[in-house]
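Encoded as structure tokens, the structure appears first; notes follow it.
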Amino acid sequence: MSVLFFKRFLQRPFQVASIIPSSKALVERVASKMDFSKPRVIAEYGPGEGVHSREIARRMHPGSTLLLFELDPDFSRDLERQFVDNPRVQVVHGDAAQLPAELQRRGIKLCDYVLSGIPFSILDIEKKRALLQKTYDAIAPGGSFIIYQVTNELRQHATLFQHGESEYFLQNIPPMFVTVFNKVNTRNGYGHPAAKPVMRVPVNHAA
Ligand SMILES: C[S@@+](CC[C@H](N)C(=O)[O-])C[C@H]1O[C@@H](n2cnc3c(N)ncnc32)[C@H](O)[C@@H]1O
């Protein structure tokens, strides 16, 4: 699997943006930000070879749906092969920006979680703002947008979300900021209890 990852990095370095997949420790940390006790709709941007997707599919409630948005054709084919026997996991070979259309196509109103592994920091500002807006609009009140990135620059752009908390996670090569942005549920406060990270990092803190 890592061989495929390295090959795809060599072919599309700016899109893949990493030479190895996320560590097991990072995958577990990210999954701990989600509450899997109920059926959930979860979208993942940039699953790559599927290291987070496999963990989410393993943990999620049987009534859940996991939508994977992957631009790279080889990764997409490989993901389809991995999840061929699991109808709860659906692979979209395309841009993360297709999320609203793909939800509508399936008759799904909103997501509980959007997880992103795409290199947001190198998207041009207009694309970044447009994707953040689509993401925010697609998340149900009380839901979260979770990202892991080498820098924490997205915090200054993701101002649509009413609340965001970051931790700097060292057990990955390279270390990553893991940030949970919450869409406020006015009835119950923000997010799920599982979405509360350990360490706070100031909003303007960029690596
Ligand atoms: C840094 S890799 C992360 C892979 C994996 N999630 C992990 O943690 O190991 C980024 C992935 O995002 C994909 N990607 C980049 N831009 C994308 C976009 N706009 N929509 C969907 N996927 C994208 C790349 O093809 C690549 O697989």
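Numbering of residues begins at 1 and proceeds along the displayed sequence. Model, not experiment: these values are computed from the prediction. Counting convention: from 1, in listed order, for ligands and their atoms alike.
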message: Please evaluate residues F169 and Y148 with respect to the criterion ring-ring contact (aromatic ring centres under 6.0 Å, His included), reporting the C-alpha separation (whole Å), side-chain torsions for both, the decisive distance (0.1 Å), and the verdict.
response: CA-CA 9 Å; F169 191 75; Y148 50 94; over 10 Å; no
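- Applying the salt bridge (Lys or Arg N to Asp or Glu O under 4.0 Å) test to every pair with at least one member in residues 113-126, sequence neighbours left out, gives these pairs: E126-R129.
- Judged by the shortest distance from any of its heavy atoms, P119 lies inside the 4.0 Å radius around the atoms of ligand 1.
- In this structure, of P47, G117, P21, the residue bringing a heavy atom nearest to atom 5 (C) of ligand 1 is P47.
- If you check each of E70, E44, Q98 against atom 13 (C) of ligand 1, the one with the closest non-hydrogen atom is E70.
- Proximity of D95 to ligand 1, defined as any heavy-atom pair under 4.0 Å, is shared by backbone and side chain alike.
- Between A96 and ligand 1, at least one pair of N/O atoms sits closer than 3.5 Å.
- Counting heavy atoms under 4.0 Å from ligand 1, residue Y45 does not touch it at all.
- The closest approach between a heavy atom of G94 and any atom of ligand 1 is below 4.0 Å.
- With atom 17 (C) of ligand 1 as the reference point, the heavy atom nearest to it among I118, I122, L123 is part of I118.
- Between R155 and E165 there is no salt bridge, since none of the side-chain N atoms of the basic residue sits less than 4.0 Å from a carboxylate O of the acidic one.
- Residue contacts with ligand 1, taken as heavy atom pairs separated by less than 4.0 Å, involve H52 solely via side-chain atoms from C-beta onward.
- Here V27 is tied into one hydrophobic group with V51, each link being a pair of ILVMFWY side chains closer than 4.5 Å.
- Residue F75 places no N or O, backbone or side chain, under 3.5 Å from any N or O of ligand 1.
- Look at E55 and K24 and you find no salt bridge, because none of the NZ, NE, NH1 or NH2 atoms lies under 4.0 Å from a carboxylate O.
- Residues F145 and Y136 keep their aromatic ring centres 6.0 Å or farther apart.
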